[in-house]
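Comments concern the structure below.
The chains referred to below are lettered A, B, ... by the order of the sequence lines, with proteins before strands, and numbering in each begins at 1.
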Amino acid sequence: MFLSLFSSKSRNLFVRGLHFAKQSTRPSAEDIIFRAVCVNIRRKKWKFLDQLSSSLTNSLLSRVFLEFQSSPQLLLEVYRRIGGQKAILDSLESCCILVHVMVDQRNYDEAVCLMKELMMSKGYLPLEVLEALINRMSMWSPSTAVFDALIRACTQNGATEGAYGVIKKLRMENYWVSIHAWNNFLNHLLKIGEVRRFWMVYREMISYEYYENVNTFNLLIYAFCEECKLSEAISVFYRMLKRGIVPNVVGFNMLINGACSADDLDLAVKLLKEMGAMSGGIVSPNAVTYNCLINGYCKRGKLEVAKRILAKMIEMDVKPNIRTYATLIDGYSRNGYLEEAFWLCNNMVESGLIPNAVVYNSFVHWLYMEGDIGGVALLLSDMMLKYIPPDRFTHSIIAKGLCRNGHVNEAIKFHSWLVEKNLVEDAFLHNILINYLYRNNNTSGAKQLLCSMFVRGLIPDQVTYGTMIDGYCKAGEMESAAKVYTDMVKVDKNPNLVIFNSLLDGLCKEESIDCSRFLVDGMKSLNMYDAVTYNTLLNGYCRMGMIKEAFDLFTSMRKAGFLVNKVTYNIMINLLCKFGLFEHAKELVSIMFSQDLAPDFVTYTTLVTNLSNKRSSEEVVKLHDHLVLQGVIPDSQTYEAIVSPVIKETAP
DNA sequence: ATAGGGTTAG
């Protein structure tokens with residue numbers, strides 16, 4: 001192998017190299033290879049390098065990179081040629097030299113990738129990488145882009161504290177943290193739902209006298225939208241214009257998406273129409289804009305409008321993408337129109353787009369919800385045939401689908417299989433399983449699963465704790481629920497509204513009325529309460545026969561407005577029916593219609609069941625007809641059990 | 001930089 005080194009030309013260079021070597025008159029084997037490699041790199045003899053690739057050890061590579069650190073172009077070529085990226089990762093120093101080279105060549109993605117790998121698989125801490133980068137700093141232009149890349153690598157790895165630590169350290173060492181780096185970190189905070197921290201960091205950044213750029217302003221809009229503060233978000237837009245900053249489509253999209261999630265679709269449409277005027281003719285909608293609106297309408301069941309937006313999009317020459325179709329497909333499936341969803345999928349394929357895991361996940365999920373196990377099996381095998389890898393969503397959907405269709409043990413087996421195959425799992429999947437184990441009264445199984453989460457390095461989240469608390473509350477084991485609550489607070493997880501509501505329900509169920517009121521007062525003082533809270537208490541009053549309290553509460557709930565929903569009326573209708581006050585109950589039904597809260601299958605069942613116990617068959621049929629004529633969809637079980645036999649009986 | 005799919009409450 002080394003024979004070729006000693007061809008005459010190489011030999012000359014080799015000897016010359018030896019001449020300059022100070023430390024030793026007898027070069028080691030590595031020295032020999034090192035010289036040879038360097039020579040051939042200079043001459044771009046890549047074939048030679050390929051032959052040597054197996055001898056390129058860590059220390060050798062380090063030496064080579066150091067040798068060529070001032071020729072970035074050449075080094076980049078070496079990196080691409082040798083395919084020995086693993087070897088490069090083994091040496092922090094050579095890796096950092098390469099990162100500098102990449103950044104210098106504006107190849108930021110590669111730089112970020114390299115650092116992500118370095119931290120993920122080699123376990124280097126962000127601050128260690130930073131130090132190594134700084135050590136190589138003097139050789140290069142004082143560009144801070146390399147730090148931007150490091151912060152991006154941290155946020156992409158989910159290392160929030162790592163990223164913030166790098167920012168702090170840089171400031172301490174008097175390096176400039178670019179606005180891009182701040183924006184990246186701020187965006188990361190919003191993505192992980194840390195809105196409060198977002199504002200803290202934003203204020204910190206402003207205190208260092210940074211000027212916001214268009215991206216920062218967009219992030220402020222995003223943050224306000226997350227907090228459902230739409231008017232504040234819009235005022236950010238005008239503040240940006242006043243500063244003379246040119247807006248872009250991203251800010252508008254954030255506003256439109258925010259309006260959609262705040263259930264203000266009129267505003268969303270208005271923004272779409274006014275985009276041009278508001279931006280002085282600079283900005284026009286893109287695919288994201290339309291997708292946000294389509295999603296808004298799909299989630300509210302307004303499929304016809306959603307489809308009209310798709311048509312509009314095409315008319316305006318904006319190409320629908322896979323997300324457009326995935327959104328529509330999910331919207332149609334979610335609202336019970338699976339046939340139409342499959343038809344849309346066909347359209348999509350004909351337009352040249354290939355269904356991805358998201359599309360399959362929607363179908364699988366809604367087929368499971370319909371109990372169509374056979375359909376699921378077909379789709380999953382189709383997915384495999386087309387080499388579309390399932391993701392963590394697929395896994396959760398399968399686990400939940402199995403549980404929902406009565407196969408909890410199969411779901412547990414499926415989970416074990418995932419563990420065995422070392423496939424992605426997350427807290428989400430565990431939460432689903434834990435929930436169903438409780439429902440099946442398998443408390444010990446649920447506890448085991450929680451333990452296995454810890455073992456597998458998965459951190460239980462608020463939902464995990466909430467699921468356990470709810471499980472114990474439903475089982476009437478309030479002491480165990482309280483214990484989980486204490487455990488949760490110990491690990492610094494704050495209870496959320498859902499958890500409080502679960503606890504309240506548990507207290508109401510065991511008829512601890514004083515504790516229940518105490519909890520509600522506490523929740524009010526924390527400003528953490530909603531319609532569920534009040535419905536739970538109302539239901540508790542009704543169950544305990546505290547009629548006066550129930551009516552008083554109902555009145556104050558109606559005064560507040562937002563505390564009343566369909567469930568509230570269903571509870572009250574049930575109460576009135578129990579006392580045989582059917583006329584009053586029907587009055588509440590009309591009020592429901594007038595408040596745009598259409599009675600649902602629960603309303604139907606409550607009325608029909610109670611009426612059939614106390615009144616004639618004719619009245620039951622009359623009520624059924626009355627409700628159906630007003631557009632109420634009957635609960636099929638109730639209909640089959642009560643109404644259908646009566647109709648047959650009265651028929652001639 | 002923004003958009004799509006999975007968990008918890010009555």
Sugar-phosphate, base or nothing in reach of A/N496, heavy atoms under 4.0 Å | nothing
In this structure, NZ of A/K229 is separated from CD1 of A/I221 (nearest 0.5 Å) by 15.0 Å
Tell me which nucleotide among B/dA3, B/dG6, B/dA9 gets nearest to the side chain of A/Y222.
-> B/dA3
Nearest whole angstrom, please: distance from the C1' of B/dA3 to the CD of A/E226.
-> 13 Å
Are a donor atom and an acceptor atom from the side chains of A/T464 and A/N431 found within less than 3.5 Å of each other?
-> yes
Full working for salt bridge (charged side-chain N to carboxylate O under 4.0 Å, His left out) between A/D487 and A/K483 | CA-CA 6 Å; A/D487 288 346; A/K483 189 173 175 312; 3.2 Å; yes
When you check the side-chain N and O atoms of A/N295 and A/T327, is any donor under 3.5 Å from an acceptor?
-> no
Go through B/dT7, B/dG6, B/dA3 for me and flag the one nearest to the A/K400 side chain.
-> B/dT7
Of the candidates B/dA3, B/dG10, B/dG6, the side chain of A/F428 sits closest to B/dG6
Can you figure out which of B/dG4, B/dT8, B/dG6 approaches the side chain of A/T467 most closely?
-> B/dT8
Among B/dG4, B/dT7, B/dA9, the nucleotide that comes nearest once only the side chain of A/V532 is considered | B/dA9
Nearest-nucleotide pick for A/V288, side chain only, options being B/dG4, B/dA3, B/dG10 | B/dA3
Taking N and O atoms by type only, does the side chain of A/N321 place a donor or acceptor under 3.5 Å from a partner on the base of B/dA3?
-> yes
Does A/K299 place a side-chain N or O at less than 4.0 Å from the phosphate oxygens OP1/OP2 of B/dA3?
-> no
Checking all strands, does A/L328 fall into the base, sugar-phosphate, or nothing category for heavy-atom contacts under 4.0 angstrom?
-> nothing
If you look at every strand shown and take non-hydrogen atoms under 4.0 Å, does A/K191 touch a base, only sugar-phosphate, or nothing?
-> sugar-phosphate
Describe the nucleic acid contact of A/T327 in one word from base, sugar-phosphate, nothing, applying a heavy-atom distance below 4.0 Å.
-> sugar-phosphate
Base, sugar-phosphate, or nothing: which does A/D426 touch, judged by heavy atoms less than 4.0 Å apart?
-> base
For A/R152, answer base if it contacts any base atom (sugar-phosphate contacts may also be present), sugar-phosphate if it contacts only those atoms, and nothing otherwise; contact means non-hydrogen atoms under 4.0 Å.
-> nothing
Nearest listed nucleotide, side chain of A/N565, among B/dG10, B/dT2, B/dG4 | B/dG10
Check the side chains of A/D148 and A/S178 for a donor-acceptor pair under 3.5 angstrom, ignoring hydrogens and angles.
-> yes
Contact class for A/N183 (heavy atom, under 4.0 Å): base, sugar-phosphate, or nothing?
-> nothing
Ignoring hydrogens and angles, are the base of B/dG6 and the side chain of A/S396 linked by a donor-acceptor pair under 3.5 Å?
-> yes
Between B/dT8, B/dT7, B/dT2, which nucleotide gets closest to the side-chain atoms of A/N253?
-> B/dT2
Out of B/dA9, B/dT2, B/dA3, which nucleotide sits closest to the side chain of A/V250?
-> B/dT2
Answer with base, sugar-phosphate or nothing: what part of the nucleic acid does A/R334 contact at a heavy-atom distance below 4.0 Å?
-> sugar-phosphate
Under-4.0 Å side-chain N/O to phosphate OP1/OP2 contact, A/N295 with B/dG4 | yes
Answer with yes or no whether A/N431 presents, from its side chain, a donor or acceptor under 3.5 Å of a partner atom in the base of B/dG6.
-> no
Scan A/D530 against the nucleic acid and name what it touches under 4.0 Å (heavy atoms): base, sugar-phosphate only, or nothing.
-> base
Given B/dA3, B/dT2, B/dA9, the nucleotide with the shortest approach to the side chain of A/N187 = B/dT2
OP1, OP2 of B/dT8 versus side-chain N and O of A/N435: anything below 4.0 Å?
-> yes
May I ask you to say what A/D391 touches in the nucleic acid, namely base, sugar-phosphate or nothing, with a heavy-atom cut-off under 4.0 Å?
-> base
Which value, rounded to the nearest 0.5 Å, describes the distance between A/I294 atom CD1 and A/K302 atom NZ?
-> 15.5 Å
With the threshold set at 4.0 Å, does a side-chain nitrogen-carboxylate oxygen contact exist between A/R392 and A/D426?
-> yes
